[in-house]
Amino acid sequence: MKKFIVFFILIAGILVFTNPDSEDFTSYVKQRMERKISDSGDDAVTDFVAKNLPELAEGVVAKMVERRNFLVYSVYELDMGRNSYRYIGIGTFFIPLQKDQPFNL
């Protein structure tokens, strides 16, 4: 029983330490956008958009996201006007809670 408690406390401590913050979430969205844009083609316009749009979107996303911290995980709500998207951030991962995602993330 003592081993289980020590193991549980260790896992909880790791999750608290690796709980992603709002900057991690905006970086996650930026990386997903960059990947989606780069997969869409290899022309000059796509290259320009791939280099500039994620940087612009990063600041916008930071203003559109609300984070609720639950110590071992966080819930992020991305408010995009008529639609709202939720994600769980746990460890170093983000898990979308809806099937449809903005920007096909």
Side-chain angles (χ1 to χ4, degrees):
M1 185 68 171
K2 288 181 183 181
K3 289 181 182 180
F4 176 75
I5 293 172
V6 170
F7 178 74
F8 181 76
I9 291 171
L10 180 65
I11 295 298
I14 289 170
L15 289 175
V16 168
F17 182 70
T18 60
N19 186 4
D21 60 14
S22 295
E23 289 179 14
D24 294 327
F25 182 74
T26 55
S27 294
Y28 163 77
V29 172
K30 179 182 170 189
Q31 289 171 353
R32 297 299 301 252
M33 286 181 70
E34 287 173 343
R35 188 177 317 146
K36 180 64 178 170
I37 292 169
S38 67
D39 290 346
S40 66
D42 286 331
D43 59 7
V45 173
T46 303
D47 288 343
F48 177 78
V49 171
K51 290 177 184 172
N52 295 303
L53 183 62
E55 293 294 328
L56 294 171
E58 187 175 15
V60 173
V61 168
K63 292 181 173 139
M64 295 170 32
V65 69
E66 179 183 331
R67 176 183 184 228
R68 289 182 295 187
N69 185 3
F70 295 96
L71 271 167
V72 295
Y73 71 96
S74 293
V75 175
Y76 297 87
E77 186 166 350
L78 183 59
D79 183 12
M80 299 185 70
R82 293 187 308 174
N83 297 319
S84 182
Y85 302 94
R86 286 185 160 164
Y87 300 83
I88 291 179
I90 186 165
T92 58
F93 301 100
F94 293 96
I95 304 163
L97 297 178
Q98 288 91 2
K99 190 172 187 175
D100 297 328
Q101 293 297 307
F103 316 112
N104 295 323
L105 294 177

Are [Y] and [X] linked, directly or through intermediate hydrophobic residues, by side-chain heavy-atom contacts shorter than 4.5 Å (ILVMFWY only)?
X	Y	answer
Phe7	Ile9	no
Val29	Ile88	no
Leu15	Val75	yes
Tyr28	Val65	yes
Val16	Ile5	no

message: Quick check: closest heavy atoms across Gly91 and Pro20, and the distance to 0.1 Å?
response: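 Here Gly91 and Pro20 meet closest at O-CD, 3.3 Å.
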query: Which heavy atom in Ile90 sits nearest to a heavy atom in Val72, and how many Å separate them?
result: CG1-O, 3.7 Å
task: Mark yes when over 12 heavy atoms from residues, nucleotides or ligands other than Phe70 sit less than 6.0 Å from its CZ; otherwise mark no.
output: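 Correct, the count exceeds 12.
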Atom [atom1] in [X], atom [atom2] in [Y]: separation rounded to 0.5 Å?
X	Y	atom1	atom2	answer
Ser74	Asn69	OG	CG	4.0 Å
Arg32	Phe94	CZ	CZ	11.5 Å
Leu78	Met64	CG	CE	4.5 Å

- prompt: Short question: side chain of Tyr76, backbone of Asp21 - any donor-acceptor pair under 3.5 Å?
  reply: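 Flag set: sc Tyr76 to bb Asp21 pair under 3.5 Å.
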message: Please identify which of these residues, Tyr87, Phe93, Tyr85, meets the ring-ring contact (aromatic ring centres under 6.0 Å, His included) condition with Phe25.
response: Tyr87
message: Filter on salt bridge (Lys or Arg N to Asp or Glu O under 4.0 Å), then keep only pairs touching residues 59-78, sequence neighbours left out; what's left?
response: Glu77-Arg86
